[in-house]
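Computed from a prediction, not measured in an experiment: that's the story for all the values here. When reading the values below, keep in mind they use all heavy atoms of this one structure, side chains included, and skip hydrogens, waters and symmetry mates.
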Amino acid sequence: ITMPYYYYGFDPTYFLVIIGAVICMMLPQDKSTYNKYSQYRSASGMTGAQAAQRILNSAGIYDVTIQHVSGNLTDHYNPSAKTLNLSDSVYNSTSVAAVGVAAHECGHAIQHQNSYFPLTLRTAIVPVANLGSTLAWPLILIGLFFTRNTGAVLINLGIICFSFAVIFQLVTLPVEFNALQGHCAFRRAGHLSDSELPYTKKVLKAAALTYVASAAAAILQLLRLVLLFGEETVTDSVNTRELILGILMEVTKEAVTAIL
């Protein structure tokens with residue numbers, strides 16, 4: 001299998017990987033921003049767990065269990081188990097950063113209660129996205145060792161598997177940005193002062209931009225794969241380039257619409 005974008009041993013598509021890395025470096029880092037504002041105590045004096053319970057109750061949600069999980073910023077909402085999991089750095093902390101993160105996770109529980117479509121879609125495609133992430137690179141690498149036709153099929157399958165992971169990243173964007181409603185609900189209830197608002201906004205903005213950076217890097221990597229292999233590995237039944245770009249255009253349009 002030949003790769004037409006190699007010139008004199010240099011792969012110019014690697015610039016796409018570099019661009020993705022630069023984007024990640026330019027955006028604010030989630031953990032460093034959290035660590036900075038974890039030094040500011042919330043005026044309400046509530047811990048992350050107490051703030052989460054207050055927000056859930058004010059939203060009429062009483063069937064979600066708040067749990068303490070190990071790790072640093074491993075906070076997440078599990079729609080299947082209806083559990084809101086807060087990490088070591090959030091659960092018992094009274095900082096404005098911890099309260100902001102807890103409120104954000106409550107936003108996902110509110111999305112679940114309201115049957116927010118992007119969250120439902122993301123939950124549904126998790127198994128496919130995980131499988132795609134696991135199989136993509138092995139299929140592509142194995143395909144390189146086979147003859148043209150067999151190798152083309154394996155590489156195309158690998159690229160399609162990788163596209164499932166990219167779709168998951170794109171669907172995650174509106175889910176994460178919309179979850180800010182939990183933070184807004186906490187503020188409306190009077191538990192977040194005007195002076196604390198800029199701090200929590202910076203923490204949540206850094207967290208949201210982390211997802212943006214991940215999605216951008218994944219899209220650029222997928223584009224690189226399509227450029228490297230799409231031209232020379234088109235089978236009679238599947239045009240990889242048209243398929244992948246068509247899916248990306250549709251999902252991106254839906255994601256942007258949901259965010260706006």
Side-chain angles (χ1 to χ4, degrees), residues 1 3 5 11 13-14 16-21 23-24 74 76-81 108 111-112 116-146 148-179 207-259:
I1 296 173
M3 288 173 282
Y5 291 92
D11 172 16
T13 65
Y14 195 71
L16 294 172
V17 178
I18 296 175
I19 293 172
I23 291 174
C24 292
T74 53
H76 63 281
Y77 172 68
N78 186 334
S80 301
H108 292 309
Q111 289 174 339
H112 191 196
Y116 183 58
F117 177 71
L119 176 65
T120 304
L121 177 60
R122 187 179 74 166
T123 303
I125 66 176
V126 164
V128 178
N130 289 339
L131 183 63
S133 298
T134 302
L135 295 179
W137 288 110
L139 285 170
I140 292 172
L141 293 175
I142 292 172
L144 293 174
F145 293 96
F146 280 83
R148 180 181 177 87
N149 291 335
T150 304
V153 171
L154 291 173
I155 289 174
N156 282 339
L157 287 174
I159 293 175
I160 291 173
C161 284
F162 190 80
S163 72
F164 292 146
V166 175
I167 290 172
F168 178 82
Q169 296 274 13
L170 290 172
V171 173
T172 294
L173 293 180
V175 173
E176 293 301 325
F177 279 96
N178 181 265
L209 290 178
T210 300
Y211 290 100
V212 173
S214 297
I219 290 171
L220 290 171
Q221 184 62 267
L222 178 58
L223 178 60
R224 178 172 182 257
L225 291 174
V226 173
L227 290 174
L228 281 175
F229 301 111
E231 188 82 16
E232 296 293 321
T233 60
V234 177
T235 66
D236 293 336
S237 59
V238 179
N239 185 319
T240 303
R241 179 173 294 180
E242 291 182 1
L243 175 63
I244 300 300
L245 294 181
I247 292 174
L248 283 177
M249 288 179 64
E250 288 301 318
V251 175
T252 303
K253 183 172 68 175
E254 292 296 328
V256 171
T257 301
I259 292 174

Quiz item: Which heavy atom in Pro79 sits nearest to a heavy atom in Thr123, and how many Å separate them?
Solution: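 In this case the closest contact between Pro79 and Thr123 is CG-OG1, 3.7 Å.
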
Quiz item: For Cys161 and Leu135, which heavy atoms make the closest approach, and how far apart are they?
Solution: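 Minimum heavy-atom contact is SG-CB, 4.3 Å.
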
Quiz item: Should Leu222 and Ser163 count as side-chain neighbours, where that means a heavy-atom distance under 4.5 Å?
Solution: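 Yes, at least one pair of side-chain atoms sits under 4.5 Å.
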
Quiz prompt | Validation row: Asn149, Val153 side chains within 4.5 angstrom (heavy atoms) | solution =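 SC-SC contact between Asn149 and Val153 ruled out.
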
Enumerate the salt bridge (charged side-chain N to carboxylate O under 4.0 Å, His left out) contacts for [range], please, sequence neighbours excluded, ordered by first and then second residue.
range            : result
residues 162-173 : none
residues 151-173 : none
residues 157-174 : none
residues 153-164 : none

How long is the gap from [atom1] on [X] to [atom2] on [Y], to the nearest 0.5 Å?
X      : Y      : atom1 : atom2 : answer
Leu170 : Ser214 : CG    : OG    : 11.5 Å
Asn178 : Leu173 : CG    : CG    : 12.5 Å
Leu119 : Thr172 : CG    : OG1   : 9.5 Å
Leu225 : Asn156 : CG    : CG    : 11.0 Å
Arg224 : Phe162 : CZ    : CZ    : 10.5 Å

Practice problem: State which residues pass side chain to side chain donor-acceptor pair (under 3.5 Å) with Glu176; sequence neighbours excluded, sorted by chain then number. | Solution: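 Residues passing side chain to side chain donor-acceptor pair (under 3.5 Å) with Glu176: His104, His108, Arg122.
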
Pairing residues for [X] by the side chain to side chain contact (heavy atoms under 4.5 Å, CB included) criterion, not counting sequence neighbours:
X      : result
Asn130 : Val126
Ala218 : Val166, Gln169
Ile142 : Phe146, Leu154
Ala81  : Asn78, Thr83

